[in-house]
Asker: 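The structure that follows is given in the form of structure tokens.
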Amino acid sequence: MIKKGLTGYFEDFLKKEPIFVNKSVLQSNYHPIEIPHREGQMNQIAQTLAPALRNNKPSNLFIYGKTGTGKTVSVNHTADQMLGVAAQNGNKNLKVIYINCKLKKIADTEYRLIAQLSRELGKEIPITGLPTDEVYKIFFSALEEKRTTLILVLDEIDQLMKKTGDEILYNLTRINSELTNSQVSIIGISNDLIFADNLDPRVKSSLSEEEIIFPPYNALQIQDILKQRSSKAFKEGVLEPGVIEKCAAYAAREHGDARRALELLRVSAELAERNGRAKVSIHDIDDAEEKIERERVVDIVIAQPKQFQTTLYSILQVSAGQRGLISTGEVYEVYKKVCYKTGTRPLTQRRVSDIVAELDMLGIINAKVTSKGRYGRTREIELAINDSILNKTKKILEKDLDLNTEG
DNA sequence: GTCAATTCACATGAAAGAGACCACGGTCTAGTG
DNA sequence: CTAGACCGTGGTCTCTTTCATGTGAATTGACGA
């Protein structure tokens with residue numbers, strides 16, 4: 001593009017009426033002032049937490065609900081309100097720590113979680129190198145020093161448990177008996193409704209003194225949320241009629257995920273803006289959905305380690321050669337060949353089997369274990385992405401793995 | 001035809017190793033007064 | 001004498017291997033009608 005064209009483009013861009021007034025309202029880290037359709041749940045949370053204002057230990061609380069049902073926002077909002085009241089009344093001994101256990105390298109192991117907690121309390125902890133019980137000691141002493149009522153919000157706690165077992169929770173629930181000046185109560189947030197059933201019964205009973213379930217939003221509720229946010233995010237009349245309804249319908253189809261609905265709306269508007277249109281139309285939503293999905297897959301694929309990429313590439317190869325379902329064995333055979341070509345040492349089938357399972361978790365493939373009777377038992381693998389995304393993925397993989405297309 | 005045993009092709013679990021990263025304490029070394 | 005470099009030890013973490021055990025239904029083969 002020539003220079004003049006570029007300046008022209010920028011000038012045009014400025015001249016155009018912006019679609020967004022405040023885009024951040026639609027982003028996932030935005031904290032809304034009002035949370036529609038969650039009044040009941042927030043009241044329950046408030047009731048549970050209220051004793052903390054008098055420096056009594058609140059009951060432990062367990063919150064269930066699928067993604068995008070407003071769990072995290074509701075908890076944070078309620079906690080903020082409570083902290084506000086506490087501050088007004090001069091109560092400085094109340095502290096809320098929010099930790100998302102899914103964040104890699106931050107809180108996804110026992111050591112890291114406790115280390116992160118200690119950091120929140122103002123202690124310097126190295127990212128590795130110390131024995132775990134040493135970190136516990138530091139955490140304990142920090143707590144004792146502070147003389148606080150600590151409310152610990154552990155988001156996506158199921159992920160942590162899956163990785164590390166329930167020992168951490170056991171330690172944390174016992175913590176109060178060892179503290180004299182401080183007290184800790186735990187709010188666990190889980191996406192997985194049946195997760196608590198696999199916990200140690202002792203942990204389970206002490207952790208779920210109170211339980212709240214966040215049901216999925218229905219389409220109408222999502223519409224309310226979208227309307228409320230879009231009134232702040234967009235200029236009046238930017239959205240064509242039916243846009244909000246369609247976004248809501250898409251998201252409601254996906255177990256009432258409000259986060260997804262908001263993302264869809266934001267990306268739709270971005271697309272409209274980029275194409276120089278002043279209004280967001282229904283068609284933008286379809287494009288947006290495609291774009292979100294494509295970027296999600298591409299991001300995942302790029303972020304994977306070599307072995308994952310190799311495995312995925314093998315799956316792509318096999319599935320290109322035949323229609324229908326693929327078995328682990330077939331994938332492994334191709335995988336070994338691919339490894340030979342790229343000069344990497346192949347992993348054992350055991351490991352590849354795990355990788356396939358993980359790719360399934362990431363939603364790039366669908367893998368279901370089925371028994372074929374006399375002919376054994378295997379995962380039936382199929383790709384969970386459409387053709388255009390698939391081709392793009394394949395190119396990325398070939399580039400990353402240094403493969404040429406032929407063969 | 002019926003029913004239990006067999007069998008396949010992996011899945012799934014547990015344990016343990018390799019290698020990267022890191023903290024800590026002790027020892028060595030070079031620079032300083 | 002002291003600050004900083006350098007080492008060994010012991011810890012975590014991730015990825016992986018090894019060994020062991022589990023599993024669901026098509027197939028088989030014995031059995032009886």
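Just so it is clear: chains get the letters A, B, ... in the order the sequence lines come, proteins before strands, and each one is counted from 1. Because the structure is predicted, anything quoted here is derived from the model rather than measured.
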Asker: Has the side chain of A/Asn171 got a donor or acceptor atom that lies under 3.5 Å from a matching backbone atom of A/Arg174?
Answerer: no
Asker: A/Thr132 side chain: which of B/dC10, C/dA26, C/dT12 is closest?
Answerer: C/dT12
Asker: In terms of side-chain heavy atoms of A/Arg377, which of C/dT27, B/dA11, C/dG11 is nearest?
Answerer: B/dA11
Asker: Nearest whole angstrom, please: distance from the C1' of B/dG17 to the CZ of A/Arg351.
Answerer: 15 Å
Asker: Among C/dT14, C/dG22, C/dT17, which nucleotide sits nearest the side chain of A/Leu347?
Answerer: C/dT17
Asker: Quick one: is A/Thr109 getting a side-chain N or O under 4.0 Å of the C/dC13 phosphate, OP1 or OP2?
Answerer: yes
Asker: Would you please indicate if the ring centroids of A/Tyr64 and A/Phe214 are separated by under 6.0 Å?
Answerer: no
Asker: In terms of side-chain heavy atoms, does A/Thr180 have a donor or acceptor partner in A/Glu144 at a distance below 3.5 Å?
Answerer: yes
Asker: Output the single nucleotide from B/dA11, C/dC13, C/dT16 whose closest atom is nearest the side chain of A/Arg112.
Answerer: C/dC13
Asker: Describe, as an angle rounded to 10 degrees, how the axis at the first end of the helix from B/dG1-C/dC31 to B/dG31-C/dC1 is tilted relative to the axis at the last end, five pairs per end.
Answerer: 10°
Asker: Is any N or O donor-acceptor pair between the side chain of A/Arg350 and the base of C/dT17 shorter than 3.5 Å?
Answerer: no
Asker: Charged N to carboxylate O under 4.0 angstrom, A/Glu273 versus A/Arg266?
Answerer: no
Asker: Whole Å only: how far is the CD1 atom of A/Ile381 from the P atom of B/dC10?
Answerer: 10 Å
Asker: Could you tell me how far apart A/Asp133 (CG) and C/dG11 (P) are, to the nearest whole angstrom?
Answerer: 9 Å
Asker: Starting at the 5' end of DNA chain B, which residue's closest nucleotide do you reach first, A/Pro126 or A/Ser353?
Answerer: A/Ser353
Asker: Measure CZ/A/Arg379 against C1'/B/dT12 and give the value in whole Å, please.
Answerer: 9 Å
Asker: Between C/dT17, B/dC10, B/dT7, which one does the side chain of A/Thr348 approach most closely?
Answerer: C/dT17
Asker: Starting at atom CD of A/Gln307, determine the distance to atom C1' of C/dT17, rounded to an integer number of angstrom.
Answerer: 13 Å
Asker: With the threshold set at 4.0 Å, does a side-chain nitrogen-carboxylate oxygen contact exist between A/Glu382 and A/Lys368?
Answerer: no
Asker: In terms of side-chain geometry, is the basic nitrogen of A/Lys291 or A/Asp287 positioned less than 4.0 Å from the acidic oxygen of its partner?
Answerer: no
Asker: Ignoring the backbone of A/Leu130, work out which of B/dT12, C/dT14, B/dA23 is nearest its side chain.
Answerer: B/dA23
Asker: Are any of the side-chain nitrogens in A/Glu333 or A/Lys337 under 4.0 Å away from the carboxylate oxygens of its partner?
Answerer: no
Asker: For the pair A/Asp400 and A/Lys306, find out whether any cationic side-chain nitrogen is under 4.0 Å from an anionic carboxylate oxygen.
Answerer: no
Asker: Compare the minimum distances between each of C/dT14, B/dA11, C/dG24 and the side chain of A/Ser371, then state the nucleotide with the smallest one.
Answerer: C/dG24
Asker: Compare the minimum distances between each of C/dT17, C/dT12, B/dA11 and the side chain of A/Tyr111, then state the nucleotide with the smallest one.
Answerer: C/dT12
Asker: Of all the choices, B/dC8, B/dC10, C/dC13, which nucleotide is nearest to the side chain of A/Thr328 once you look at every atom?
Answerer: B/dC10
Asker: What is the distance from CE of A/Met361 to C1' of B/dT12, rounded to the nearest Å?
Answerer: 15 Å
Asker: What is the distance from CZ of A/Arg374 to C1' of B/dA4, rounded to the nearest Å?
Answerer: 14 Å
Asker: Report the distance from atom CD of A/Gln349 to atom P of C/dC15, rounded to the nearest whole Å.
Answerer: 20 Å
